[in-house]
There are 2 protein chains.
Amino acid sequence: MTPKSRTARKSARVSADHRERSFDVAYRKLRELIVRGRLAPGSRVVEADIARRLEISRTPVRSALHRLQQEGYVVAYRTTRQARLAVAPLTKEDSHELYWIVGHIEGLAGRLLAQQDADSRARVVERLLAGNAELSKLAQSGGGDPSRIFDLDMGFHQVLVDSAAGPRLSAIHAAIKPQTERYWRLYASAITDQLGKSVEEHARIIEAIERGDADAAERAIQLNWQLGAERLARVIESLGERGSW
Amino acid sequence: MTPKSRTARKSARVSADHRERSFDVAYRKLRELIVRGRLAPGSRVVEADIARRLEISRTPVRSALHRLQQEGYVVAYRTTRQARLAVAPLTKEDSHELYWIVGHIEGLAGRLLAQQDADSRARVVERLLAGNAELSKLAQSGGGDPSRIFDLDMGFHQVLVDSAAGPRLSAIHAAIKPQTERYWRLYASAITDQLGKSVEEHARIIEAIERGDADAAERAIQLNWQLGAERLARVIESLGERGSW
DNA sequence: GACTCCTTTTTTGTATACAATCGCGGATTC
DNA sequence: GAATCCGCGATTGTATACAAAAAAGGAGTC
């Protein structure tokens, strides 16, 4: 019964014949569970449990877990012949490494973007300005729900990468960047307080891209993430590590 | 018969009870086949074929292929419900993106290294100097077999990463860096001609690390890879793309 | 009570069966 | 001859059975 009774397939979507591979479903759902914190940092991950929970067999779950492990959402301990997996803990050291890596990856994308021709840059700059203006509004009004802020910030960085990065850079960014959301969520309230600073940093990024200054663009993006890591570290320091175990 | 007759296991290594998971064996062997060019760039990769060739079942082969795909050794086309895999082609654009990414990843490691205390740095510098001296000797004598040169160069970069990078940075580097070997091998003769330049660039990296100048160290490492990409691009230009299809 | 040894249970890794999908070639039609 | 459709072999994705390994528990000993 567990793995979706096979006869009941005709009842699936008729029009959008768009059946996703269970592998992808498992990956997406698991990643979401981890990022949203519904799977606690440090907690064991057992293939059979996940399979039951998602109502699929262990096979696609295993594939998804392998990928999540390689990307860093899940870590293995006792890595002898049989691996035991756990949700990656959230620590100050890890957040530091993670933010610096993302800063460098995105910084490289920004460099490539700043090297594009003026027309392409202008189109991107327009979109970046629009997004950052929204953020600025929320920063000044003080309120605004965290998830909206997060979406806007994510959009900003996504535009950077999408408009300049090649397949490799995009893939690395797509694999790593979402992990910053785990830290963001954990300390959301404290971070959104300092939203104004981030908006200001974004403005400098946009300026550098607009005038086609690749070095400056890269440095500005790195600085944004570097300062973000410092802000996060201070919050972690004052609140204590919530997710190490 | 194909998947290793199960009864014949007692005959395996008696002392070193170190049975590697077939998953890991498959990953290692496949990666080696691709890097050494024994699986041609652009050629189809069929699970069952690999399984037969390695004398294991499709299950571990699939796991290995998933990982290789995520790392970029293998690419998927027709990515609808059924993926079809092929060995990643070697192109000028890809080499450019790859080298820049590696330069940034290693550059970050170099930055961290330059920030360590003077004692740690001195120990690392010593190892780097030794390796680079060997390279310099080979560069001046002109001869020297390419694989020795490659090993020395790889060792140099490996020391950089191992002595400073955290788990995430190390993992990314370990996944991506070996792919540069594919390009190296393809144009080995032309590259080794210019070995002297690379040795000189390494020397600047070592200097920066020695005096603890993080910015300079990072820039020097990036420059080494950036110039490497340019040297490679010139060679590809003159010889034509050998592995695109 | 702490330790060791052994048994039982849980969990992972591998092989294999089967179903869904894809791709290619050949037959058919105009 | 070119285009279209059909059907069959090739290939991938999923489920499941089983074996190896690790962990958990329990009896016995000191």
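Because the structure is a prediction, the values reported are computed rather than measured. Residue numbers begin at 1 in each chain, while the letters A, B, ... track the order of the sequences.
Checking the phosphate oxygens (OP1, OP2) of C:dA15, no side-chain nitrogen or oxygen of B:Thr59 falls inside 4.0 Å. Side-chain N/O atoms of B:Ser22 include one lying less than 4.0 angstrom from OP1 or OP2 on C:dT14.
A:Arg21 is linked by a side-chain hydrogen bond (donor to acceptor under 3.5 Å, both in side chains) to A:Asp24, counting only residues two or more places apart in sequence or in another chain. Considering only residues two or more places apart in sequence or on other chains, B:Ser120 meets the side-chain hydrogen bond (donor to acceptor under 3.5 Å, both in side chains) condition with B:Asp117. For the side-chain hydrogen bond (donor to acceptor under 3.5 Å, both in side chains) test, no residue two or more places apart in sequence or in another chain qualifies with A:Trp184. Looking at residues two or more places apart in sequence or on another chain, you find a side-chain hydrogen bond (donor to acceptor under 3.5 Å, both in side chains) between A:Arg31 and A:Tyr27.
Atoms CG (B:Leu65) and P (C:dT14) sit 14 Å apart, rounded to a whole Å. Atom CG of B:Leu54 is separated from atom P of C:dA15 by 11 Å (rounded to the nearest Å).
Other residues, nucleotides and ligands place more than 12 heavy atoms under 6.0 Å from the CD atom of B:Glu230.
Comparing D:dT14, D:dA15, C:dT16 against the side chain of A:Ile56 picks out D:dA15 as the nearest.
Applying the ring pair (Phe, Tyr, Trp, His ring centres under 6.0 Å) rule to pairs touching residues 50-84 of chain B yields A:Phe23-B:His66, sequence neighbours excluded.
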Under 3.5 Å, N/O pairs linking protein and nucleotides 10-12 of chain C:
{"from": "C:dT12", "atom 1": "OP1", "to": "A:Arg44", "atom 2": "NH2", "distance (Å)": "3.3"}
{"from": "C:dT12", "atom 1": "OP1", "to": "A:Val45", "atom 2": "O", "distance (Å)": "3.4"}
{"from": "C:dT12", "atom 1": "OP2", "to": "A:Glu47", "atom 2": "N", "distance (Å)": "3.2"}
{"from": "C:dT12", "atom 1": "O2", "to": "A:Gln82", "atom 2": "NE2", "distance (Å)": "3.0"}

